[in-house]
Peer 1: 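Let me begin by handing over the structure; questions about it come next.
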Amino acid sequence: MSRVLALDIGTVRIGAAISDPSRIIAQGLGVWQIDSWREEFDSCVKKFDPAVIVLGLPVRTDGKKSEAAERVLNILDSLKSEYPEKIFMTWDERFTTVIAQKMLIEADISRKQRRKNVDKIAAVLILESWLEANK
């Protein structure tokens with residue numbers, strides 16, 4: 001098998017997580033600033049060579065696409081054209097950021113550290129969910 005890369009795309013930051021080659025464990029990679037994320041993404045794809053790239057899709061609770069979802073779909077189209085050999089998918093990311101925030105609060109992480117890590121944790125949650133559904 002090969003690795004899976006997951007992204008939690010926000011308006012300011014992008015959280016990234018990668019699986020192990022056997023697709024059992026999800027590990028946070030980091031948080032990239034939205035204005036400079038492509039360099040980090042390209043480097044990550046080169047280093048880990050994931051077969052599948054999963055983008056969290058922010059769907060509203062009523063199931064409709066949000067403005068943020070349209071932004072993610074535009075990024076998806078761009079990445080598909082640049083990496084035609086990769087499999088790209090979207091995954092419902094509802095509540096992942098809220099869950100990540102709660103986890104960090106329960107772990108007594110400072111507000112400053114939560115802000116730095118919440119997107120990475122959300123990406124791990126997206127990836128874990130995808131891995132579980134695709135065993």
Side-chain angles (χ1 to χ4, degrees):
M1 268 193 217
S2 57
R3 295 177 186 263
V4 179
L5 173 66
L7 302 177
D8 175 45
I9 300 173
T11 54
V12 178
R13 293 174 292 277
I14 295 178
I18 192 82
S19 75
D20 65 316
S22 59
R23 296 185 180 179
I24 296 172
I25 299 168
Q27 174 184 337
L29 282 177
V31 177
W32 309 327
Q33 296 303 312
I34 196 73
D35 56 356
S36 61
W37 72 277
R38 280 308 303 268
E39 229 178 87
E40 297 280 355
F41 174 80
D42 293 337
S43 174
C44 182
V45 169
K46 185 177 180 180
K47 179 177 180 180
F48 294 107
D49 191 28
V52 179
I53 299 171
V54 178
L55 281 69
L57 189 65
V59 181
R60 293 184 175 148
T61 53
D62 64 4
K64 294 182 181 175
K65 289 181 189 168
S66 64
E67 218 177 272
E70 291 300 325
R71 191 174 60 253
V72 169
L73 293 173
N74 288 336
I75 290 170
L76 176 69
D77 288 341
S78 172
L79 292 175
K80 278 183 177 181
S81 67
E82 291 182 45
Y83 291 96
E85 74 283 4
K86 304 292 181 191
I87 298 168
F88 286 90
M89 307 179 95
T90 58
W91 195 252
D92 186 348
E93 70 162 28
R94 275 182 271 194
F95 307 114
T96 55
T97 301
V98 173
I99 294 166
Q101 280 281 15
K102 286 184 179 184
M103 289 171 64
L104 292 168
I105 289 169
E106 287 174 10
D108 201 26
I109 304 299
S110 73
R111 186 176 307 222
K112 185 177 180 180
Q113 288 302 314
R114 286 196 308 263
R115 195 173 316 123
K116 287 182 181 178
N117 291 295
V118 70
D119 300 296
K120 177 173 60 175
I121 302 298
V124 169
L125 293 171
I126 291 166
L127 182 54
E128 286 176 341
S129 174
W130 188 91
L131 292 171
E132 184 64 31
N134 290 278
K135 278 187 175 180

Peer 1: Looking at CG of L125 and CH2 of W91, how far apart are the two atoms once the value is rounded to the nearest 0.5 Å?
Peer 2: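 Those atoms lie 13.5 Å apart.
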Peer 1: side-chain contact (heavy atoms from CB on, under 4.5 Å) with V72: which of L57, L7, V59, D77?
Peer 2: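 Exactly one option meets the side-chain contact (heavy atoms from CB on, under 4.5 Å) with V72, and it is L57.
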Peer 1: At what distance, to the nearest 0.5 angstrom, does OG of S78 lie from CG of L76?
Peer 2: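 Here the rounded value is 9.5 Å.
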Peer 1: Just wondering, do V52 and W130 contact through their side chains at under 4.5 Å, heavy atoms?
Peer 2: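 Yes, their side chains come closer than 4.5 Å.
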Peer 1: To the closest 0.5 Å, what do you measure between CG (L127) and CD1 (I25)?
Peer 2: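 If we round to the nearest 0.5 Å, L127:CG and I25:CD1 are 11.0 Å apart.
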Peer 1: Drop me the distance from C44's SG to L29's CG, to the nearest 0.5 angstrom.
Peer 2: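 Between atom SG of C44 and atom CG of L29 there are 4.5 Å.
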Peer 1: May I ask you to check whether over 12 heavy atoms, not counting those of E70, lie within 6.0 Å of atom CD?
Peer 2: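 Atom CD in E70 is crowded, with more than 12 foreign heavy atoms closer than 6.0 Å.
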Peer 1: Kindly work out whether a path of hydrophobic side-chain contacts (I/L/V/M/F/W/Y, heavy atoms less than 4.5 Å apart) joins M89 to V4.
Peer 2: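 In one cluster with M89: V4, yes.
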Peer 1: Is there a donor-acceptor pair under 3.5 Å between the side chain of D119 and the backbone N or O of V31?
Peer 2: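 Pair absent, no side-chain N/O of D119 close to backbone of V31.
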Peer 1: Would you say K86 and V45 make side-chain contact, with heavy atoms under 4.5 Å?
Peer 2: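 The answer is yes; the side chains approach within 4.5 Å.
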Peer 1: Side-chain donor-acceptor pairs under 3.5 Å in residues 33-41, sequence neighbours left out?
Peer 2:
residue : atom : partner : partner atom : Å
R38     : NH1  : E82     : OE2          : 3.1
R38     : NH2  : D42     : OD1          : 3.2
R38     : NH2  : E82     : OE1          : 2.7

Peer 1: Testing the basics here: between E128 and A26, what is the closest heavy-atom pair and its distance to 0.1 Å?
Peer 2: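 Closest approach of E128 to A26: CG-CB, 3.7 Å.
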Peer 1: Mind checking whether L55 and L5 sit in one hydrophobic cluster, side chains of I, L, V, M, F, W, Y counted as touching below 4.5 Å?
Peer 2: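 Shared cluster, yes.
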Peer 1: List in chain and number order the residues that pass side chain to side chain donor-acceptor pair (under 3.5 Å) with K47, two or more places apart in sequence or in another chain; answer none if no residue qualifies.
Peer 2: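 For K47 there are no side chain to side chain donor-acceptor pair (under 3.5 Å) partners, ignoring immediate neighbours.
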Peer 1: I need the minimum non-hydrogen distance between A6 and A123, along with the two atoms involved.
Peer 2: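 Closest heavy-atom pair between A6 and A123: CB-O, 3.8 Å.
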Peer 1: So, applying side-chain contact (heavy atoms from CB on, under 4.5 Å) with V54, which one of T90, D8, I126 is it?
Peer 2: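 Answer after filtering T90, D8, I126: I126.
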Peer 1: Heavy-atom distance under 4.5 Å between the side chains of Q27 and S19, does that happen here?
Peer 2: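 Result no, sub-4.5 Å side-chain heavy-atom pair not found.
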Peer 1: Give a yes or no answer on whether the side chain of R3 reaches the backbone of A51 with a donor-acceptor pair at less than 3.5 Å.
Peer 2: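 Looks like no, no N/O pair under 3.5 Å.
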Peer 1: If I compare all heavy atoms of G56 with all of P58, which pair ends up nearest, and what's the gap?
Peer 2: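 Nearest pair, atom of G56 first, then P58: O-CD, 3.5 Å.
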Peer 1: Honestly curious: do I14 and I53 fall in one hydrophobic cluster under the side-chain, below-4.5 Å linking rule?
Peer 2: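 Per the 4.5 Å side-chain linkage, I14 and I53 are co-clustered.
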